[in-house]
Amino acid sequence: MIDPTSSRASLNAAAVLERTWADPTGLIGWFAHVDHKSIGRRSLVTAFTFFLLGGLLAATMRLQLARPQNTLISPDLYNQIFTTHGTTMMFLFAVPVMQALGIYFVPLMVGARAIAFPRLVAFSYWIFLFGGIFLYVSFLLNAGPDVGWFSYTPLAETLYTPTKRADVWAQLITFTEVASLAIAVSIITTAFKLRAPGMTLNRIPIFVWAQVVTSFMVIFAMPAVMLASTSLILDRLVNTHFFDVERGGDALLWQHMFWFFGHPEVYIIFIPGTGIVSTLISTFSRRPMFGYLAVVLALVSTAFMGFGLWVHHMFATGLPQLGESFFTAASMMIAIPTGLQIFCWLATLWSGRITLATPMLWMLGFFAVFTLGGLTGVMLAAVPLNTQVHDTFFVVAHLHYVLIGGAVFPLFGAFYYWFPKIAGRMLSERLGAWFCGLFFVGFNLTFFPMHVLGLHGMPRRIYTYDAAMGWGTLNALASVGALLMASGVIVFLADVWLALRKPIADPAASNPWNAGTLEWATASPPPNSNFLEMPTVAGRDPLWDNPPTQPIVIGLRDTARDILVTHVLDAEPDHRYRSPEPSYWPFWTAVATTIMFIWSIFSPWGVVYGAIPILIAMIGWFWPKRPDEGGTPVWPIAHRTLPRPNEEPAPGGAL
Amino acid sequence: LEPAASAAAAIHDLWSLMLWTSTIVFIAVLVALGLALVRRRRDRPTQPIDSSAPPAAVTRTVTAATALTVVILFGFLLASLWTSRAIAEVRPTRAVSIHVLGHQWWWEIEYEEGLPSQRMRTANEIHIPVGRPVVFKVTSRDVIHSFWVPNLHGKRDLIPGYTTAIWIQATRPGQFRGQCAEFCGLQHAHMAIDVIAEPENAFTAWLESRRTSARPAGSDIERQGEAVFMSARCAGCHTIRGTDANGQVAPDLTHIASRSSIAAGTLPNTPEHLAAWIVNPQGFKPGNQMPPNLLSSADMQALVAYLGSLR
């Protein structure tokens, strides 16, 4: 099944292959796309749009807090703004943008023709988009959530929030849970079952490992918040009493359920960031990653530990000291794998030859910002210190250092690194350096003073403060920094706009950074089928390690959407599988689901009647086709993939 | 950052330890990064890949750095546990016991000192003795709040359905400001509290005087003001002990004139601010429970004079 002398791709066959994998064109066809590159692209653009919206909200808050006793915005609006800002950045930007990178690059990096379950991925995009639109329409209708992105009970209960605002928040969570769970399943399956032959478990690129670890965390963390937000909706909709203290409910139960999700959420955002850092550092040091095994194990152990320290968000609630000590120890321990990763990155840089391209500038920023954020994190793990700075601007500073340092800096590095692959054009090195510099200075100017403000006693989530408190100067400084950050982002937008006006670079630029992973083994932008000739792999960095005579995969039809399924551990070929065709049904299913979600805010009957259109749409989605209609033919007995009991497996698989 | 109680001092020591250690680690990481950059910098993406095994010295350094991380973190852990223990040791028997109840958006205070009949309720201002431990038993009447006076101790959440205790022993006299630290709705920003630490005898005298009923209205204008208070809506919500006013949903005003601010730290307690507040509370603290009161200027003058006499 593998031809050692690759010389197949005649122009004609390639054209047929491209037609087979093409998505419908035109505006209407756009709703039927199942190509992971198309969905990944639109997810990136959508998530980045939400980043801009969340950033505008943040800038508004900075304007309000720039001087004491400011009356620019009312407390009611301020509470909506900070809630929507937090919710947007966590649920509509940070998690989706990392998953969007996964949707686009995981199939390419493992050498697959498609992502697993492409219609599910398409469905998840629509759910994510509709959820985000739902939040912002509510915000514009003055019904934006105003009880914080953490929505603590009993403040979020009907008694204290009689409007629909808390429901909007809880239902947005439902949207994003569904979307991210669907993608997590697809990414895990892609990474475990669709890898190119030869890519054994210990050759998977670290970025893909990071995406897999993150996806597992999503699968374990999201059900916790689903339980929490559903209980809250039930409390509000049909008067259950999960969190109703007056009737035997428990106000603290919410916090346990929320933070059991909420802390892993931080790592769901940060672990893909570390995957990006490992990838970029290796490429620009011209060296394979130092301590591959240690780094992968560090990611996995971070994921496990991430579930064992949620209580450090609740040290001020007065829990028993022995329990608090356990969570202090766990919160400090998680710094060990992260520290190990930092040392491995430094070792790679140390033993490599460094090229300071724009993506590398972002890595330098990452080191400075993230290390500082990590160290303040260790401080927060100590109960006594935590009770002083918890819920102050110190924590605001800490979380932005960790999340912007650990995720946004790598992310912008990744934009500059992968933009040529996605768009076939380079971004400007000069504008990129300006953007990086403005953002870095602006960031530190905004958030460093907040450490001091927190230590001086300024609590979070206050819409104004008294001049006598002496917090004015530092707040003004922070607001100036926010303007610098905003101007950096404007430079970035200009850079992207200018780059997109250029013609697509010549195909020789398919690997401008001379990188080692498989996404650079194909044209920029990649063809519909990802790889005209499907690669096999002989090392961790195939483009650096593969000999010139490396075989390619043959035996997949050009006329059908065939993909190769391989074994989990050693990526030996297992069987051929037909990837689904484009379909409009994921879109209609998402529309029906959205109607049901929104209706159920107003009436419990929405769940009942709203389920009917979803059922109809899913019947359409899964309607089987006979072989003469283009469906999958019945698999012939002779092509069994698994041996019968007592039967020797066929040599080299059974394709 | 100026500790005025044993707990805050212990936390401050822990903070210094962690701050300096972390600063050293931060600088070490950045220096290593800088050296790595300077050492082998070549601005050519086309140069060949170096996939030789890394030098043993690099591997040894990474191992040592990881080991050092573990050691430092264990040091932090022990320091943290030790600080927690030092804070927890303030548990003697002769403590002043004070209930703190959170409301949207003010603090109800009740002193348990003495006989049950001597219990005393007040609002938004706490006096404590220096050198004698105080136990705050905290809970909430509505949503979650958080009691936090940075100079004295870390914060403790006020959670409906739970009553938890926090121990504080002030080491020097002074007036310390606190503020609600858990987001509690519209006026979370205007929910401050003053804690005044004073010598034992001053504290005892203060407590004695606060246990008495309100000073009866003396002059004509004060009597007129008291009548306004009783006939307008005020008495429905506020209590003035010794009069017919015994509303329970708003701060106790028995000794309002002795407090330094009104509306939980929103405004300084001067006759002008008091009058402005009574006319238009929603203008200063939008969303709070107090309705506007359009009184004639004579009535207002009388009312402010009366409230100003309640020392």
Side-chain angles (χ1 to χ4, degrees), chain A residues 74-76 79 148 152 154-155 160 245 250-252 286-288 290-291 316-318 321 325 328-329 332 335-336 339-340 342-344 346-347 349-357 367-368 371-372 375 378-379 382-385 387-388 390-391 455 457 459 461-465 513-514 544, chain B residues 1 10-11 14-15 18 22 25-26 29-30 32-33 36-37 39-47 49-51 54-55 58 62 65-66 69-70 73 76-77 80-81 83-84 87-88 142-144 146 150 154-157 159-162 164 179 181-189 286-287:
Chain A
S74 69
D76 181 57
N79 291 349
Y152 273 8
L155 183 60
Y160 303 106
V245 182
D250 189 317
L252 215 48
R286 322 297 316 139
R287 229 185 129 71
F290 175 93
T317 55
Q321 286 207 334
S325 306
T328 296
M332 289 190 172
I336 298 172
L340 177 64
I342 291 182
F343 302 138
C344 286
L346 286 175
L349 289 170
W350 187 267
S351 49
R353 296 188 183 82
I354 299 161
T355 305
L356 270 188
F367 270 103
T371 309
L372 211 153
L375 289 167
V378 173
M379 297 176 185
V383 176
L385 209 51
T387 59
Q388 273 292 18
H390 178 66
D391 274 330
L455 292 169
R461 298 154 190 149
I462 54 172
Y463 71 96
T464 187
Y465 52 93
W513 314 113
N514 192 9
W544 295 345
Chain B
L1 273 190
I11 296 173
L14 179 67
W15 159 251
M18 291 182 114
S22 300
V25 172
F26 181 65
V29 168
L30 287 195
L33 177 67
L37 287 184
R39 195 167 158 268
R40 299 275 289 274
R41 189 173 152 196
R42 308 274 188 286
D43 276 321
R44 276 177 296 123
T46 48
Q47 62 200 321
I49 303 306
D50 174 9
S51 26
V58 174
V62 169
T66 310
T69 310
V70 176
L73 288 172
F76 279 176
L77 179 61
S80 165
L81 296 182
T83 311
S84 288
I87 293 171
D142 39 47
V143 303
I144 300 177
S146 195
K155 51 187 75 62
R156 178 57 61 88
D157 290 350
I159 304 169
Y162 290 83
T164 58
Q179 188 165 356
E182 183 65 80
F183 178 64
C184 57
L186 210 55
Q187 283 300 331
H188 170 53

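Since we're looking at a predicted model, the values are computed, not measured. Throughout, protein chains are lettered first and strands after them, A, B, ... in sequence-line order, and every chain is numbered starting at 1.
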Colleague: Check ring-ring contact (aromatic ring centres under 6.0 Å, His included) between A/His390 and all other residues, then give those that pass, not counting sequence neighbours.
Modeller: none

Colleague: Distance check, rounded to the nearest 0.5 Å: A/Met379 atom CE versus B/Trp15 atom CH2?
Modeller: 4.5 Å

Colleague: Give, as side chain, backbone, both or neither, the part of B/Leu77 having an atom under 4.5 angstrom from any heavy atom of chain A.
Modeller: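 Answer is both: backbone and side chain atoms of B/Leu77 are under 4.5 Å from chain A.
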
Colleague: Which pair of non-hydrogen atoms, one from A/Ile462 and one from B/His188, has the smallest distance, and what is that distance?
Modeller: CG2-CD2, 3.8 Å

Colleague: What part of B/Leu30 gets closer than 4.5 Å to chain A, counting heavy atoms only: side chain, backbone, both or neither?
Modeller: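 B/Leu30 touches chain A through side-chain heavy atoms alone.
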
Colleague: So which residue, A/Ser325, A/Ala368, A/Ala347, A/Gly339, ends up with the most heavy-atom pairs under 4.5 Å with chain B?
Modeller: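 Maximum pair count with chain B is reached by A/Ala368.
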
Colleague: At their closest point, which heavy atom of B/Pro150 faces which heavy atom of A/Gln388, and how far apart are they?
Modeller: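 Distance-wise, the nearest heavy atoms are O-NE2, 2.9 Å.
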
Colleague: Measure the spacing between OG1 of B/Thr66 and CZ of A/Phe343 and express it to the nearest 0.5 Å.
Modeller: 5.5 Å

Colleague: Using non-hydrogen atoms only, which part of B/Leu81 is less than 4.5 Å away from chain A: side chain, backbone, both, or neither?
Modeller: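 Side chain of B/Leu81 only, per the 4.5 Å heavy-atom cut-off to chain A.
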
Colleague: Heavy atoms only: give me the nearest B/Glu182-A/Asp391 pair and the separation to one decimal.
Modeller: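 Looking at all heavy atoms of both residues, the shortest contact is OE1-OD2, 3.2 Å.
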
Colleague: With a 4.5 angstrom heavy-atom cut-off, could you sort out which part of B/Ser84 is near chain A: side chain, backbone, both or neither?
Modeller: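 Answer is both: backbone and side chain atoms of B/Ser84 are under 4.5 Å from chain A.
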
Colleague: So which heavy atom on A/Pro459 is nearest to which on B/Ala181, and how close?
Modeller: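 Closest approach of A/Pro459 to B/Ala181: CB-CA, 4.4 Å.
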
Colleague: If you look at every heavy atom in B/Gly185 and A/Leu155, which pair is closest and at what distance?
Modeller: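 Smallest interatomic distance, heavy atoms only, reads N-CD2, 3.6 Å.
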
Colleague: Out of curiosity, A/Leu372 CG to B/Phe26 CZ, how far, rounded to the nearest 0.5 Å?
Modeller: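 If I round to the nearest 0.5 Å, the distance is 4.5 Å.
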
Colleague: How far does OG1 of B/Thr69 sit from CD1 of A/Ile336, to the nearest 0.5 angstrom?
Modeller: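 Going from OG1 on B/Thr69 over to CD1 on A/Ile336, the span is 7.5 Å.
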
Colleague: Report which part of A/Tyr463 has an atom under 4.5 Å of a heavy atom belonging to chain B: side chain, backbone, both, or neither.
Modeller: both

Colleague: Can you measure from CG (B/Leu37) to CZ (A/Phe367) and round to the nearest 0.5 angstrom?
Modeller: 9.0 Å

Colleague: Would you say A/Thr328 and B/Phe76 make side-chain contact, with heavy atoms under 4.5 Å?
Modeller: no

Colleague: If you tally heavy-atom pairs under 4.5 Å against chain A, which of B/Ala10, B/Gly161, B/Pro160 wins?
Modeller: B/Pro160

Colleague: Under the side-chain contact (heavy atoms from CB on, under 4.5 Å) rule, what do B/Val143 and A/Tyr152 come out as? Steps first, then yes or no, please.
Modeller: CA-CA 9 Å; B/Val143 303; A/Tyr152 273 8; over 6 Å; no

Colleague: Name the region of B/Ser80, side chain, backbone, both or neither, that has any atom closer than 4.5 Å to a heavy atom of chain A.
Modeller: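 For B/Ser80, the contact with chain A is made by backbone and side chain together.
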
Colleague: Which heavy atom of A/Cys344 sits nearest to which heavy atom of B/Val62, and what is that distance?
Modeller: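 Smallest interatomic distance, heavy atoms only, reads SG-CG1, 4.4 Å.
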
Colleague: Counting only heavy atoms closer than 4.5 Å, note whether B/Pro55 contacts chain A via side chain, backbone, both or neither.
Modeller: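 For B/Pro55, side-chain heavy atoms alone lie under 4.5 Å from chain A.
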
Colleague: OG1 of A/Thr387 to CD1 of B/Ile11: how many Å apart, nearest 0.5 Å?
Modeller: 4.0 Å

Colleague: Side chain, backbone, both or neither: which part of A/Asp76 has an atom under 4.5 Å from a heavy atom of chain B?
Modeller: both

Colleague: Counting heavy-atom pairs under 4.5 Å to chain B, which of A/Thr371, A/Thr317, A/Val383 comes out on top?
Modeller: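 Maximum pair count with chain B is reached by A/Thr317.
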
